[in-house]
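Hydrogens, waters and symmetry mates play no part in the numbers below; they use all other heavy atoms, side chains included. Only a predicted model underlies this, so the values are computations on that prediction, with no experimental measurement involved.
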Protein chains: 2
Amino acid sequence: MPRVGLNIVQIVQTAADIADNQGTEAVTLSGIARELSVRPPSLFNHVKGLPQIKRELSLLGVKKLFKRMNDATKEKSGDEAIFAIANAYLQFTREHPGLYEYTIALPKPKDEEIERESNKILTLILTLFHTYSLSEENVIHAVRGFRSILHGFSSLEQKGGFGMPIERNDSLHYMIRVFLTGLNKTE
Amino acid sequence: MPRVGLNIVQIVQTAADIADNQGTEAVTLSGIARELSVRPPSLFNHVKGLPQIKRELSLLGVKKLFKRMNDATKEKSGDEAIFAIANAYLQFTREHPGLYEYTIALPKPKDEEIERESNKILTLILTLFHTYSLSEENVIHAVRGFRSILHGFSSLEQKGGFGMPIERNDSLHYMIRVFLTGLNKTE
DNA sequence: ACGAAAAACTAATACCATTAGTTTTAATGT
DNA sequence: ACATTAAAACTAATGGTATTAGTTTTTCGT
């Protein structure tokens with residue numbers, strides 16, 4: 001019935017924008033409040049505190065990332081699906097570098113809801129690698145390898161770790177091609 | 001001539017211990033001062049401030065990591081050297097999770113000295129991959145791939161990203177074996 | 001034993017997150 | 001239209017952080 005003001009969605013969206021544009025270090029209650037033309041304590045009417053905002057950022061990030069990856073694999077399979085999902089992953093990490101960090105740095109007592117969303121990503125990748133003829137155990141190893149490549153590449157790219165004047169997208173595609181080739185020829 | 005007290009080495013070592021044992025978030029001047037039984041402003045007699053301490057942590061981390069990697073490859077070549085360097089890398093990230101984070105998150109105007117040390121790691125890996133018969137450009141791609149695997153695996157492992165009950169070391173060795181096999185069979 | 005250089009200190013400023021308590025606002029029912 | 005009232009937003013205060021300025025203390029070397 002009463003007065004309507006801010007809501008948690010606006011707050012989290014503002015926090016996400018700050019994370020993407022100024023880095024996760026800049027995600028502060030006072031920064032968010034400034035952006036929303038409000039005093040910091042006002043935010044407590046809608047969220048418990050900064051830890052909850054970070055938890056929401058992790059959830060939002062994992063959800064968005066899953067959607068991108070899932071959409072990318074629609075109507076595709078095999079190598080084509082793998083490359084498509086990798087491209088979607090990189091597109092996400094480049095558009096949302098801040099949010100992406102929160103999808104990796106998850107809240108420390110495990111959060112049930114985030115864990116579920118996170119598992120959807122894992123299951124999606126798992127499905128893709130089941131079409132390769134690998135043992136049960138090697139499928140897990142392969143998925144971990146693929147995730148390591150995606151995250152390692154994204155993370156190093158974000159931190160400016162690739163200095164040589166060679167197209168980074170070519171590197172990504174090369175390493176995935178090498179990995180897939182190796183999968184077929186190994187064991 | 002005058003009074004001798006703390007020095008920058010003790011301060012940085014204390015900061016490194018805190019980073020490894022309590023996480024990089026816990027690296028604060030007040031925490032370091034507490035550990036050294038001193039008041040926070042006293043630290044300013046030896047360091048410019050927290051940013052310099054973080055810069056020193058990055059430098060220390062990159063130097064230690066290079067030493068581990070370099071030692072591991074002594075008298076080795078080919079696949080053997082690759083596996084040895086990967087094991088050394090993982091040993092470092094597991095022993096020094098905090099310091100390792102600082103080797104990835106480097107200070108933001110590039111630091112000349114850190115850049116030099118960092119390049120020593122790059123050159124070391126580059127040398128290893130030169131023994132495989134790859135084009136100039138593909139060597140770069142391969143090095144980026146190897147670094148992505150190492151960093152991605154380490155980072156995901158640290159964040160608790162590998163939940164399945166499968167030995168993680170086996171996964172690391174499998175993905176490297178797959179990658180090396182692919183290198184030989186690709187192009 | 002003493003002087004000087006530098007260590008360590010106290011005090012103060014300026015952020016930050018958070019809590020408690022007060023005031024303001026506006027959606028709703030009459 | 002307007003009074004009710006729930007909740008939004010506010011101010012004030014507390015305690016944590018980094019940092020600067022200025023003072024006191026210590027101890028190395030003569």
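Side-chain to base pairing of A:R3 with D:dA8: one donor and one acceptor N or O lie within less than 3.5 Å of each other. Side-chain to base pairing of A:R39 with D:dT11: no donor and acceptor N or O lie closer than 3.5 Å to each other. Within 3.5 Å, no donor on the side chain of A:N45 pairs with an acceptor on the base of D:dA7, nor the reverse.
Between C:dA17, D:dA9, D:dC28, one nucleotide has an atom nearer to the side chain of A:V38 than all others, and that is D:dA9. Of the candidates D:dC28, C:dT18, C:dC16, D:dC28 carries the atom nearest the B:V4 side chain, counting heavy atoms from C-beta on. Of the candidates D:dT17, D:dA9, C:dA8, D:dA9 carries the atom nearest the A:L6 side chain, counting heavy atoms from C-beta on. Checking D:dC10, C:dA11, C:dA17 against the side-chain heavy atoms of A:S42 singles out D:dC10 as nearest. When distances are taken from the side chain of A:P40 to each of C:dA17, D:dT19, C:dT18, the shortest belongs to C:dT18.
Distance B:F44 CZ to C:dT10 C1': 15 Å, rounded to the nearest Å. Atoms CD (B:Q10) and C1' (C:dA8) sit 14 Å apart, rounded to a whole Å. Rounded to an integer number of Å, the gap from B:R34 CZ to D:dA18 C1' is 13 Å. Rounded to a whole Å, the CG atom of A:N7 is 15 Å from the P atom of D:dA7. Atom NE2 of A:H46 is separated from atom P of C:dT18 by 15 Å (rounded to the nearest Å). To the nearest angstrom, C1' of C:dA8 lies 15 Å from CG of B:L29. One interatomic measurement links the two molecules: CD1 of B:I11 to C1' of C:dA8, which rounds to 12 Å at whole-angstrom precision. When the C1' atom of D:dG16 is taken as reference, atom CD of B:E25 falls 15 Å away, rounded to whole Å.
Close placement of the A:F162 and A:F153 rings is indicated, their centers lying within 6.0 Å of each other. Checked against the 6.0 Å centroid threshold, B:F179 and B:F146 do not count as a close aromatic pair.
Between the side chains of A:N169 and A:Y174, no donor N or O sits under 3.5 Å from an acceptor N or O.
Proximity of a side-chain donor or acceptor of B:D79 to a complementary backbone N or O of B:L180 within less than 3.5 Å is not detected.
Along DNA chain D, the nucleotide nearest to A:P41 and the one nearest to B:G49 differ in position, and the one closer to the 5' end is contacted by A:P41.
Using a 4.5 Å heavy-atom cutoff, the side chains of B:Y100 and B:Q158 are in contact.
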